[in-house]
Trainee: 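Sharing a structure below in structure tokens format, with a few things to ask.
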Amino acid sequence: MRIATWNINGLRARLDFVRHWLAARQPDLVGLQELKLTDEQFPHADFEAVGYHATVHGQKAWNGVAILSREAGTLTQRGLPGQEDFGSRLVTAQFGDLSFTTIYCPNGKHLAHDDYPRKLDWFDSLATFWSETRSTEEAAVLCGDLNLCPAELDSHHPPEKTGDRIFHTTAERARFERLLEWGLVDLFRHRHPEERMYSWWDYRGGSFHRNLGLRIDFLLATPTLLARVRDVVIDRDYRKKKDGLTASDHAPVYADLE
DNA sequence: ATGTCGGAATTATTCCGA
């Protein structure tokens with residue numbers, strides 16, 4: 001089984017590109033972020049035509065998350081409880097004995113912005129919600145765009161210059177650590193402990209070609225799934241144009257489970 | 001180059017968010 005996460009930066013602009021990737025990689029479960037459309041605007045027929053169901057939590061213009069799946073799942077959660085006014089950023093569905101959640105965490109903008117403390121609060125709500133609804137004994141995935149770099153290896157910025165830089169603060173990293181302390185495992189880092197690989201590159205300034213990126217997109221999983229992991233890939237090739245189609249600023253991340 | 005995208009508001013241009 002192949003599971004994946006991908007911030008697509010606007011589904012209306014990215015539909016053909018996403019379908020190109022689905023055809024090439026044939027994933028079974030995909031968490032999508034930044035749909036930037038409403039539930040009514042979601043192109044279900046275009047995904048059904050290529051063999052995918054979708055479980056959607058959208059909103060007008062911004063945010064929005066969905067789960068694509070070969071088999072229809074059962075929707076179990078739309079939105080992070082208590083944080084609904086920060087946008088549509090979480091959706092969970094059940095696929096057999098596997099619980100699959102995808103999230104689009106708030107960006108925070110910069111440390112002096114009101115969104116920064118709200119971002120930390122959002123993560124606190126996430127950790128509480130997660131620990132109250134999930135068990136470390138079950139098969140569960142939490143994936144998405146977390147908008148933070150857990151360690152120096154996950155950022156092109158030199159560590160001596162990241163102390164007060166958004167995505168790199170001690171407070172943000174503590175939120176990520178709390179998820180790991182609960183029992184979730186960062187599949188890419190588990191599989192590739194020393195590899196400096198990014199999942200996002202700014203559109204501006206030739207960042208991709210200069211490899212000035214950040215690893216901010218994660219597949220987190222419960223320990224019971226670990227033994228089944230065969231490979232974890234950041235699909236950097238799909239950060240490039242395909243057949244003249246513009247890529248998202250994020251690459252897909254996928255894992256193959258036995 | 002504060003360099004690019006996607007989308008909204010408004011109707012080809014500017015603003016905003018990332």
Side-chain angles (χ1 to χ4, degrees), chain A residues 5-21 31-43 46-47 56-66 80 83-90 102-123 126 143-150 154-157 161-162 164-169 171-172 175-176 198-218 234-253:
Chain A
T5 182
W6 194 8
N7 179 323
I8 55 169
N9 189 23
L11 184 53
R12 280 169 287 180
R14 207 74 59 216
L15 179 61
D16 289 341
F17 196 93
V18 172
R19 297 212 306 178
H20 193 293
W21 180 77
L32 298 178
Q33 306 90 40
E34 281 208 86
L35 306 180
K36 298 186 178 180
L37 47 68
T38 62
D39 293 350
E40 292 71 26
Q41 293 171 312
F42 192 91
D46 292 303
F47 285 111
V56 182
H57 183 36
Q59 69 174 83
K60 184 181 177 184
W62 310 109
N63 308 313
V65 287
L80 179 58
Q83 296 286 348
E84 290 86 352
D85 61 353
F86 215 167
S88 298
R89 297 176 179 274
L90 180 147
T102 195
I103 54 177
Y104 174 50
C105 304
N107 176 293
K109 297 187 177 70
H110 54 85
L111 298 204
H113 196 283
D114 286 347
D115 278 7
Y116 176 65
R118 290 180 72 200
K119 174 183 189 176
L120 300 178
D121 189 52
W122 191 94
F123 271 101
L126 174 68
C143 69
D145 175 0
L146 271 63
N147 272 325
L148 59 80
C149 301
D154 303 312
S155 170
H156 75 273
H157 293 293
K161 296 171 79 173
T162 57
D164 58 353
R165 185 183 290 272
I166 190 101
F167 288 30
H168 301 71
T169 64
E172 289 164 294
R175 269 58 182 191
F176 185 81
Y198 308 132
S199 65
W200 173 87
W201 297 262
D202 201 304
Y203 282 124
R204 296 167 291 187
S207 294
F208 182 67
H209 289 103
R210 298 159 66 197
N211 196 28
L212 301 179
L214 306 173
R215 193 174 71 96
I216 56 177
D217 299 275
F218 301 90
I234 299 180
D235 202 352
R236 192 175 185 287
D237 188 49
Y238 272 84
R239 177 59 179 77
K240 304 172 185 172
K241 273 192 191 305
K242 290 286 175 191
D243 300 341
L245 300 167
T246 301
S248 170
D249 44 358
H250 296 251
V253 184

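Naming convention: chains lettered A, B, ... in sequence-line order (proteins, then strands); numbering from 1 in each chain. Everything numeric in this text was worked out from a predicted model, so none of it was measured.
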Trainee: What are the residues of residues 102-111 of chain A, sorted by number, that bring a heavy atom to within less than 4.0 Å of DNA chain B?
Mentor: A/Y104, A/N107, A/K109

Trainee: For A/R239, enumerate each residue passing the salt bridge (Lys or Arg N to Asp or Glu O under 4.0 Å) test, keeping only those at least two apart in sequence or located in another chain.
Mentor: none

Trainee: Who are the side chain to side chain donor-acceptor pair (under 3.5 Å) partners of A/Q59, not counting sequence neighbours?
Mentor: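 Counting only residues at least two positions away or on another chain, A/Q59 forms a side chain to side chain donor-acceptor pair (under 3.5 Å) with A/N63.
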
Trainee: My understanding is that only residues two or more places apart in sequence, or in another chain, count here; which of them pass ring-ring contact (aromatic ring centres under 6.0 Å, His included) with A/F167?
Mentor: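 Once residues adjacent in sequence are excluded, A/F167 has no partner under the ring-ring contact (aromatic ring centres under 6.0 Å, His included) criterion.
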
Trainee: Under the ring-ring contact (aromatic ring centres under 6.0 Å, His included) test, which residues partner A/F218, sequence neighbours left out?
Mentor: A/F176

Trainee: Just how far, in rounded Å, is P of B/dC16 from CG of A/D115?
Mentor: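 For the pair A/D115 CG and B/dC16 P, the rounded distance is 15 Å.
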
Trainee: Would you mind reading off the distance between A/H113 atom NE2 and B/dG17 atom P, rounded to a whole angstrom?
Mentor: 7 Å

Trainee: Rounded to the nearest Å, what distance is computed from the CZ atom of residue A/R89 to the C1' atom of nucleotide B/dG17?
Mentor: 11 Å

Trainee: Tell me which pairs pass salt bridge (charged side-chain N to carboxylate O under 4.0 Å, His left out) where either residue lies in residues 206-215 of chain A, with sequence neighbours left out.
Mentor: A/D154-A/R215, A/D186-A/R215

Trainee: Sequence neighbours excluded, which residues qualify as ring-ring contact (aromatic ring centres under 6.0 Å, His included) partners of A/F208?
Mentor: A/W201

Trainee: Can you name the residues that form a side chain to side chain contact (heavy atoms under 4.5 Å, CB included) with A/D16, not counting sequence neighbours?
Mentor: A/L245

Trainee: Tell me whether A/D115 is salt-bridged to A/R118, with the criterion being a basic N under 4.0 Å from an acidic carboxylate O.
Mentor: yes

Trainee: Let me have a per-nucleotide readout for nucleotides 1-7 of chain B, 5' to 3', with B, S or -, counting only protein heavy atoms under 4.0 Å.
Mentor: --BBSBS

